[in-house]
Amino acid sequence: MQETIHRGLVGVVADTTEISFIDGDQGELSYRGYDISELTEASYEEVVYLLWNGELPNAAELSAFRDELAPLGALPFEIVDRLRCARPDTEPMHLMRTAVSNLACHDPNPDEVDAENVRRIGHRLLVQFPTIVSTIERLRHGLEPVDPDPELSIAGNFLYTLTGERPTEAATHVMDVALVLHAEHGSNASTFTARTAASSLTDVYSAVTAGVGSLKGPLHGGANEAVMRALEEIGSVENAEPYVMETLAKPHGRVMGFGHRVYRVLDPRAAILARVAQKLARESGESKYWEMSLEIARVMEREMAKRQRAVAPNVDFFSASVYRMLGFPIDMYTPIFAVARISGWMAHLYEQYADNRLVRPLLAYEGPKGKKFKPVSSR
Ligand code: SDX
């Protein structure tokens with residue numbers, strides 16, 4: 001019987017979930033029933049609580065959650081020392097993946113996957129991820145790491161441990177919005193990778209390390225860095241159209257930050273980030289990247305309509321301009337994506353471990369059969 005092959009698992013529904021819903025035709029995303037456009041008013045902690053517990057916290061629940069997280073953000077000194085020894089030009093996502101994997105060696109109970117232990121590890125990783133990123137960034141510039149301030153939120157602490165200065169409310173709000181928008185997105189490549197790893201009942205650190213590895217790829221979380229490098233290569237609004245046309249003329253040419261396996265229309269997160277980018281551009285007076293982004297989007301809309309392709313800006317297209325205007329170095333964009341997505345990965349690991357089935361698809365064999373072995377002397 002000729003099997004139907006679903007390369008890239010396009011259109012394959014692998015399991016059920018209660019965490020988030022994506023309507024690719026309408027361009028809608030919701031977390032636990034709340035539309036993403038409404039959740040950008042919430043702090044990242046409130047949204048993590050929602051993703052992990054199924055409902056937004058009340059004031060007492062939020063305060064207790066924050067109190068639980070506050071003491072967990074510091075890194076073991078051995079890991080800081082290993083990061084200190086890294087070559088300063090090491091790609092931060094390699095350091096991030098290494099640090100996450102290393103955390104297992106400093107956990108009193110890294111391997112048990114019962115609900116209580118998985119949540120305990122999830123709480124630690126949630127606040128250690130931003131510390132890892134800020135520690136990498138400071139050490140590679142010869143600066144000592146800054147310990148998190150238990151009084152600050154995750155978004156605020158991330159900015160504080162990066163710069164050593166307490167962030168403004170406005171900067172903290174933009175960081176909260178970016179973290180909320182990047183927190184969760186169903187069975188994307190890195191989440192599916194983490195769930196697949198967890199399905200063998202391996203430990204959380206192994207599953208999350210696998211997710212970090214998948215997120216790094218330019219077709220996935222690495223796209224935001226690729227968008228910024230493209231904007232720098234383009235250099236001016238006038239060069240945007242020639243760049244897009246040259247890219248599309250290449251076999252399998254891809255303009256980074258566009259297209260999506262699920263969205264057939266504009267990614268709702270891109271619409272929100274576009275407004276953030278426009279506001280930051282207006283406030284900073286640095287509108288170059290914003291205007292270039294608009295021109296690229298205009299040309300892509302025209303060219304994709306001609307080609308009858310459902311290709312629109314995705315979350316990575318405008319996040320690049322937002323991070324640039326927040327002053328982050330380009331090779332920190334994907335680590336920041338990981339700082340947000342650890343919450344989505346953990347929500348899915350809770351689901352996977354709670355009702356597990358080993359993930360093991362088939363491959364249709366197309367190789368030779370029935371060959372007879374000959375000893376090497378007669379080959
Ligand atoms: C993220 O899955 C998620 O939810 C991921 C994510 C999340 O929150 O976790 O949303 C985050 O990863 C967003 C995507 C970031 N990646 C990029 O911006 C990289 C550029 N995009 C493409 O590589 C592509 O659109 C993918 C990888 C995102 C989706 O790939 P698919 O579903 O395999 O689609 P495809 O590559 O087969 O493209 C379908 C058609 C093609 O036509 P043909 O050439 O085959 O006739 O659409 C065209 C493509 O030409 N197309 C593009 C394009 N993306 C698709 N044409 C030009 N530029 C592009 N970026």
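Not measured: the values here are computed from a predicted model. Just follow the structure's listing: the first ligand is 1, and inside any ligand the first atom is 1. Computation of the quantities below employed the complete heavy-atom set of this structure, encompassing side-chain atoms and omitting hydrogens, waters and symmetry-equivalent molecules.
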Phe258 heavy atoms, cut-off 4.0 Å: which ligand 1 atoms fall inside? 18 (O), 20 (C), 21 (N), 22 (C), 25 (O), 54 (N), 59 (C), 60 (N)
Protein heavy atom under 4.0 angstrom of atom 60 (N) of ligand 1, is there one? yes
Set of ring pair (Phe, Tyr, Trp, His ring centres under 6.0 Å) partners for His260, sequence neighbours left out: His185, Tyr263
The protein heavy atom nearest to atom 4 (O) of ligand 1 is His185 ND1, 2.6 Å
Please check if the distance between the ring centroids of Tyr333 and Phe328 is under 6.0 Å. no
Quick one: do Arg140 and Asp89 make a salt bridge, cutoff under 4.0 Å? no
Contact with ligand 1 for Arg269, non-hydrogen, under 4.0 angstrom: yes
Would you call Arg120-Glu112 a salt bridge at under 4.0 Å N-O? no
When every non-hydrogen atom of Glu45 is compared with those of Leu62, the smallest separation belongs to CB-CD1, 4.0 Å
Can you confirm whether the side chains of Arg195 and His348 place a donor and an acceptor under 3.5 Å from each other? yes
List ligand 1 atoms under 4.0 Å from Gly257, heavy atoms only on the residue side. 17 (C), 18 (O)
Taking a hydrophobic cluster as the set of Ile, Leu, Val, Met, Phe, Trp and Tyr residues connected by side-chain heavy atoms closer than 4.5 Å, whether directly or through intermediates, do Phe192 and Val118 fall within one such cluster? no
Within the 3.5 Å criterion, strictly below it, is a donor on Thr161 or Ser134 matched to an acceptor on the partner's side chain? yes
When you measure from atom 29 (C) of ligand 1 to every protein heavy atom, which one gives the shortest distance, and what is it? Arg261 N, 3.9 Å
Should the proximity of Leu248 to ligand 1, defined as any heavy atom under 4.0 Å, be assigned to the side chain, the backbone, both, or neither? side chain
Heavy-atom nearest neighbour in the protein, as seen from atom 55 (C) of ligand 1, with distance rounded to 0.1 Å: Val311 CG2, 3.7 Å
According to the interplanar angle, ranging from 0 to 90°, do the rings of Phe317 and Phe258 count as parallel (below 30°), tilted (30 to 60°) or perpendicular (above 60°)? tilted
Checking the N or O distance criterion of under 3.5 Å, is ligand 1 in contact with Leu219? yes
Please confirm whether Gly186 approaches ligand 1 to less than 4.0 Å, judged on its heavy atoms. no
Please work out whether any backbone atom (N, CA, C, O) or any side-chain heavy atom from C-beta onward of Arg341 is under 4.0 Å from ligand 1, and answer side chain, backbone, both or neither. side chain
Would you say Ser43 and Ser153 are linked by a side-chain donor-acceptor pair, where the criterion is simply a distance under 3.5 Å? no
With only distance considered, is Val255 within less than 3.5 Å of ligand 1 through an N or O on each side? yes
Protein heavy-atom partner closest to atom 28 (C) of ligand 1 - residue, atom, separation in Å: Gly259 O, 3.7 Å
Selection from Pro218, Ala189, Gly253, Gly344 by shortest heavy-atom distance to atom 57 (C) of ligand 1: Gly253
Work out which heavy atom in Ala210 is nearest to a heavy atom in Ala197; give both atom names and the distance. CB-CB, 4.3 Å
Check if Val262 has a non-hydrogen atom at a distance under 4.0 Å from any atom of ligand 1. no
Measure from atom 53 (C) of ligand 1 to every heavy atom in Arg307, Arg254, His260 and give the option owning the shortest one. Arg254
Closer than 4.0 Å to some heavy atom of Asn188 - which atoms of ligand 1 meet that? 2 (O), 3 (C), 4 (O), 5 (C), 9 (O)
Quick one: nearest non-hydrogen protein atom to atom 14 (C) of ligand 1, plus distance? Asn314 ND2, 3.5 Å
Record the part of His252 in heavy-atom contact with ligand 1 below 4.0 Å; permitted values are side chain, backbone, both and neither. neither
Would you say Arg7 has more than 12 foreign heavy atoms packed within less than 6.0 Å of its CZ? no
Distance below 4.0 Å between atom 10 (O) of ligand 1 and any protein heavy atom? yes
Using a heavy-atom cut-off of under 4.0 Å, does the side chain or the backbone of Asp316 touch ligand 1, or both, or neither? side chain
